[in-house]
K.L.:
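One structure, pasted below without further comment.
In this chain, numbering begins with 1 at the start of the sequence shown.
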Amino acid sequence: MSLTFRSGIFKSSFFLALLITSNTAISETYALQYHATISDDTEHAQMSITIPQAQLIKSINFNLDPDFHSDIEGNGQLEVNDGRAIWHPPEENAKLEYKVALNHERDPGEFDSIRQKNFTIFRGDDLVPPAKVRTKAGVESQATLTFTLPEHWNSVNSGWLKQEDGSFAIDDPDRRFDRPTGWFIAGKLGTRRERLSDTHIAVSAPQNLGVKRMDLVSFILMNWPQFRQLLDELPPKVLIVTAPDPMWRGGLSGPNSLFFHADRPMVSENGTSTLLHELFHTLTGITDKGNDDWLVEGLAEYYAIEILYRSGGLSDDRLERIYQWLADWSEDITQLRGSASSGETTARAVLLIKALAEEIDQKTDGEKSLDDITRILVQEKRVDLTMLKEIVENLIGTPADVLDSKLLK
């Protein structure tokens, strides 16, 4: 259908009204209040979701995880079946309550979520399950998260900014239903902080466990200028949670935060850095569309090496040894694409990405670089091979020979 405007005044008035209506719809919000109670005598968190005014919400459909979520109750209409909780909240004072398990083994005897006497470490992704929300058009949440902790605990930290009243402001611009994703740590904690011009960095760990927090802070600060030069935008806060056994002996990234086992070296004997790898994931938020995890993991590992080199942490000779080690380790890899990139696959992906960086430099006489590609991928967030090819071709004016490799067929 087309509209013909005979009056310039009517036309202007129409679009003004349309703009006002659009802005009004976008500005409609509702308060979403999360509260977690952690008691001395339980390995669960008692979770509540309160919506004082829920007139704008039709339903919330939660995807439950039986390893974490149980005992779900709520007012209004609630149906729990086949791993989902479908909640039709009442218009006023809507409240949903459930329990969240705080102990979870990733591998036998190694935990990626834990509750001990003096602390707990968990992910907010598990605290509030993913949900599909039906609302009126343009409606968004304004979410906060508060805690009730055992009396002898002194703190709770996350990658979300803490407000003056002690609550965390949960504001994810990519979601209309804000969830407190990322890592959390609560208990008797020790925390080291650095407030930079663009980002508040915090390293937090349980007290009296021999964790070397300042080593992590100093290492991150030494490499931070290279991240700042690479990325157009950095988050307002980054939390690094660290603890020794029985936590899982690795590194796990999340939005605005990451976990790094206290006994892992910041730089391994082979010259790679799990800490910088996971920090790249946290700062960029790049994910794949389903079949190109090699690109996500390869970029993270490539820049973990490259940033350490740019910071002066690796010599030219050591850098070449690292790439030779990656080549030897991944010599049997014949295919990169897939939903999950193994260690050997990621190693081979690093070599392909290195070759791509060299091709871009050569074809543009040094005027463009892989960094330019990476900044665009960060803006896109969800990436794949087709997107990478298009971005590279637009940047250098010709298809990249490297991206026609048999490894990517």
K.L.:
Is the count of non-hydrogen atoms from other residues, nucleotides or ligands lying under 6.0 Å from K409 atom NZ greater than 12?
P.N.:
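Yes, enclosed.
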K.L.:
Under a 3.5 Å cutoff, is there a donor and acceptor pairing between the side chains of T120 and R115?
P.N.:
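On atom types as modelled, these side chains do not qualify, holding no pair under 3.5 Å.
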K.L.:
Would you check if I240 and R213 make a side-chain contact, meaning some heavy-atom pair closer than 4.5 Å?
P.N.:
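Side chain of I240 against side chain of R213, heavy atoms only: no contact under 4.5 Å found.
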K.L.:
With the threshold set at 4.0 Å, does a side-chain nitrogen-carboxylate oxygen contact exist between R249 and D263?
P.N.:
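Looking at D263 together with R249, the answer is yes, because their closest N to O distance falls below 4.0 Å.
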K.L.:
Looking at M266 and D215, what are the two nearest heavy atoms and their distance?
P.N.:
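Nearest pair, atom of M266 first, then D215: SD-O, 3.6 Å.
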K.L.:
Between R106 and L252, does a side-chain contact (heavy atoms from CB on, under 4.5 Å) hold up when you go through it step by step?
P.N.:
CA-CA 11 Å; R106 184 181 180 94; L252 295 166; 3.7 Å; yes
K.L.:
Any side-chain heavy-atom pair from K162 and V156 closer than 4.5 angstrom?
P.N.:
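Yes. Closest side-chain heavy atoms under 4.5 Å.
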K.L.:
Going through the checks in order, is the side-chain contact (heavy atoms from CB on, under 4.5 Å) test met by L385 and L295?
P.N.:
CA-CA 8 Å; L385 178 59; L295 176 56; over 6 Å; no
K.L.:
Are the side chain of D288 and the backbone of S339 linked by a donor-acceptor contact shorter than 3.5 Å?
P.N.:
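Pair absent, no side-chain N/O of D288 close to backbone of S339.
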K.L.:
Between H35 and T146, does any side-chain donor sit less than 3.5 Å from a side-chain acceptor?
P.N.:
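Distance-only check passes for H35 and T146.
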K.L.:
Determine the interplanar angle of the H261 and F259 rings, folded into 0 to 90°, and report it as parallel if under 30°, tilted if 30 to 60°, perpendicular if over 60°.
P.N.:
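Perpendicular: the ring planes of H261 and F259 meet at over 60°.
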K.L.:
Any side chain to side chain donor-acceptor pair (under 3.5 Å) involving residues 347-359? Give me the pairs, sequence neighbours left out, ordered by first then second residue.
P.N.:
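Matches after skipping sequence neighbours: S330-R348, K354-E358, E359-K363.
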K.L.:
Taking atom CD of Q53 as the centre, report whether more than 12 heavy atoms of other residues, nucleotides or ligands fall under 6.0 Å from it.
P.N.:
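Yes, enclosed.
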K.L.:
Do any side-chain atoms of residues 78-87 form donor-acceptor pairs under 3.5 angstrom with protein atoms, and if so which ones, sequence neighbours left out?
P.N.:
unit_1: R84; atom_1: NE; unit_2: N61; atom_2: OD1; d: 2.6
unit_1: R84; atom_1: NH2; unit_2: N61; atom_2: OD1; d: 3.4
unit_1: W87; atom_1: NE1; unit_2: N75; atom_2: O; d: 2.7

K.L.:
For the backbone of I201 and the side chain of T199, can you confirm whether one donor and one acceptor N or O come within less than 3.5 Å of each other?
P.N.:
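Side chain of T199 to backbone of I201, a donor-acceptor pair under 3.5 Å: no, none is there.
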K.L.:
Which heavy atom of Q207 sits nearest a heavy atom of G190, and at what distance?
P.N.:
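Shortest heavy-atom separation between Q207 and G190 comes out as CG-N, 3.7 Å.
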K.L.:
Less than 3.5 Å apart, which donor and acceptor atoms pair up between the side chains of residues 93-102 and the rest of the protein, not counting sequence neighbours?
P.N.:
unit_1: Y98; atom_1: OH; unit_2: L127; atom_2: O; d: 2.8

K.L.:
Is the closest basic N to carboxylate O distance between E393 and K389 below 4.0 Å?
P.N.:
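Salt bridge between E393 and K389, a charged N being under 4.0 Å from a carboxylate O: no.
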K.L.:
Return the minimal non-hydrogen interatomic distance between L351 and A327, and the atom names on each side.
P.N.:
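Minimum heavy-atom contact is CD1-CA, 3.5 Å.
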K.L.:
Any chance you could lay out the side-chain hydrogen bond (donor to acceptor under 3.5 Å, both in side chains) test for T386 and D384, step after step, and finish with the verdict?
P.N.:
CA-CA 6 Å; T386 299; D384 61 12; 4.7 Å; no
K.L.:
Do S113 and N103 get their side chains close enough for a donor-acceptor pair, meaning under 3.5 Å?
P.N.:
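No, because no side-chain N or O of S113 sits under 3.5 Å from a partner of the opposite role on N103.
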K.L.:
Scan for ring pair (Phe, Tyr, Trp, His ring centres under 6.0 Å) pairs involving residues 326-372, sequence neighbours excluded, and state none if there are none.
P.N.:
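Listed once each, the pairs are W325-W329.
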K.L.:
Side chains of D40 and E151: closer than 4.5 Å at any heavy-atom pair?
P.N.:
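When only atoms from C-beta onward are counted, E151 and D40 do not touch, as no gap falls below 4.5 Å.
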K.L.:
Could you point out which residue of L231, L230, I373, V383 forms a side-chain contact (heavy atoms from CB on, under 4.5 Å) with V378?
P.N.:
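That would be L231.
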K.L.:
Any donor and acceptor pair, going by atom type alone, linking the side chain of H88 with main-chain N or O of G76 inside 3.5 Å?
P.N.:
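No, H88 side chain to G76 backbone: no donor-acceptor pair under 3.5 Å.
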K.L.:
Using every non-hydrogen atom in the two residues, find where D178 and R175 come nearest and quote the distance to one decimal.
P.N.:
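So the two residues come closest at OD1-O, 3.6 Å.
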K.L.:
If you draw a 6.0 Å radius around NZ in K132, do more than 12 non-hydrogen atoms from other residues or ligands fall strictly inside?
P.N.:
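Atom NZ in K132 is not packed in, count stays at 12 or less.
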K.L.:
Are R375 and D372 ion-paired here, with the side-chain N under 4.0 Å from a carboxylate O?
P.N.:
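Here R375 pairs with D372 in a salt bridge, since their nearest N and O are under 4.0 Å apart.
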K.L.:
List the steps and the verdict of side-chain contact (heavy atoms from CB on, under 4.5 Å) for I220 and F227.
P.N.:
CA-CA 10 Å; I220 291 171; F227 281 112; over 6 Å; no
K.L.:
Can you check side-chain hydrogen bond (donor to acceptor under 3.5 Å, both in side chains) on S253 and E278, steps first, answer last?
P.N.:
CA-CA 5 Å; S253 61; E278 298 303 330; 3.3 Å; yes
K.L.:
Report yes or no: does W248 contribute a side-chain atom to a donor-acceptor pair with the main-chain N or O of E105 at less than 3.5 Å?
P.N.:
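The answer is no, because no donor-acceptor pair under 3.5 Å joins these two groups.
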K.L.:
Without swapping roles, check the side chain of S257 against the backbone of V238 for a donor-acceptor pair under 3.5 Å.
P.N.:
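No; zero donor-acceptor contacts below 3.5 Å.
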K.L.:
Can you confirm whether the side chains of N394 and E390 place a donor and an acceptor under 3.5 Å from each other?
P.N.:
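No, no side-chain donor-acceptor pair sits under 3.5 Å.
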K.L.:
Determine the minimum heavy-atom distance between L336 and A349, stating which atoms define it.
P.N.:
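Between these two residues, the closest heavy atoms are CD2-N, 3.8 Å.
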K.L.:
How far does OG of S158 sit from CZ of F122, to the nearest 0.5 angstrom?
P.N.:
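The distance works out to 9.0 Å.
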K.L.:
Which heavy atom in I185 sits nearest to a heavy atom in S204, and how many Å separate them?
P.N.:
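Taking I185 first and S204 second, the nearest heavy atoms are CG2-OG, 3.7 Å.
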K.L.:
To the closest 0.5 Å, what do you measure between CG (L196) and CG (L221)?
P.N.:
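CG of L221 is found 6.0 Å from CG of L196.
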K.L.:
Check whether any side-chain N or O of D365 sits under 3.5 Å from a backbone N or O of D361 as a donor-acceptor pair, and report yes or no.
P.N.:
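Pair absent, no side-chain N/O of D365 close to backbone of D361.
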K.L.:
Scan side-chain atoms only and decide if T272 and N270 contain a donor-acceptor pair under the 3.5 Å cut-off.
P.N.:
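Distance-only check passes for T272 and N270.
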K.L.:
Quick one, L189 with N154, criterion side-chain contact (heavy atoms from CB on, under 4.5 Å). Give me CA distance, side-chain angles, the key distance, then yes/no.
P.N.:
CA-CA 7 Å; L189 310 179; N154 66 354; 4.1 Å; yes
K.L.:
I'd like to know if the side chain of R176 pairs up with that of S141 as donor and acceptor (distance under 3.5 Å, no hydrogens or angles considered).
P.N.:
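Looking only at side-chain atoms, S141 and R176 do not form any donor-acceptor pair under 3.5 Å.
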K.L.:
If we ignore hydrogens and angles and just use 3.5 Å, is the side chain of S268 paired with the main-chain N or O of G271 as donor and acceptor?
P.N.:
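Flag not set: sc S268 to bb G271 has no pair under 3.5 Å.
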K.L.:
What distance do H104 atom NE2 and D112 atom CG have between them, rounded to the nearest 0.5 Å?
P.N.:
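If we round to the nearest 0.5 Å, H104:NE2 and D112:CG are 5.5 Å apart.
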K.L.:
So, T42 versus S39: side-chain donor-acceptor pair below 3.5 Å or not?
P.N.:
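No pair is found: no donor N or O on one side chain lies under 3.5 Å from an acceptor on the other.
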K.L.:
What distance do L209 atom CG and Q116 atom CD have between them, rounded to the nearest 0.5 Å?
P.N.:
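If I round to the nearest 0.5 Å, the distance is 8.0 Å.
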K.L.:
May I ask you to decide if the ring planes of F177 and Y34 are parallel, tilted or perpendicular, using 30° and 60° as cut-offs?
P.N.:
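If you compare the ring of F177 with that of Y34, the planes turn out perpendicular.
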K.L.:
How long is the span from the CZ atom in R321 to the CG atom in L314, to the nearest 0.5 Å?
P.N.:
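Here the rounded value is 11.5 Å.
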K.L.:
Output yes when a side-chain donor or acceptor of W160 lies under 3.5 Å from a complementary backbone atom of T181, and no otherwise.
P.N.:
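Looks like yes, one N/O pair under 3.5 Å.
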K.L.:
What pairs with F260 under ring-ring contact (aromatic ring centres under 6.0 Å, His included), at least two apart in sequence or on another chain?
P.N.:
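So F260 forms no ring-ring contact (aromatic ring centres under 6.0 Å, His included) with any residue.
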K.L.:
Can a donor-acceptor pair be found, under 3.5 Å and without considering hydrogens, that links the side chain of S405 to the backbone of L407?
P.N.:
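Yes, the answer is positive, given that a donor and an acceptor are paired below the 3.5 Å cut-off.
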K.L.:
Which pairs with one or both residues in residues 292-304 pass side chain to side chain donor-acceptor pair (under 3.5 Å), sequence neighbours excluded?
P.N.:
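The answer is H277-E297, H277-E301, H281-E297, D292-W294, D292-R337, Y303-D371, Y303-T374.
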K.L.:
Could you measure the distance from the CG atom of L276 to the CD1 atom of I305? Nearest 0.5 Å is fine.
P.N.:
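Here the interatomic distance stands at 10.0 Å.
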K.L.:
For the pair T282 (side chain) and G254 (backbone), establish whether a donor and an acceptor sit closer than 3.5 Å, ignoring hydrogens and angles.
P.N.:
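Such a contact is found between T282 side chain and G254 backbone.
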K.L.:
Would you say that more than 12 heavy atoms from the other residues, nucleotides or ligands in this model lie under 6.0 Å from the NZ of K136, or not?
P.N.:
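Atom NZ in K136 is not crowded, with 12 or fewer foreign heavy atoms closer than 6.0 Å.
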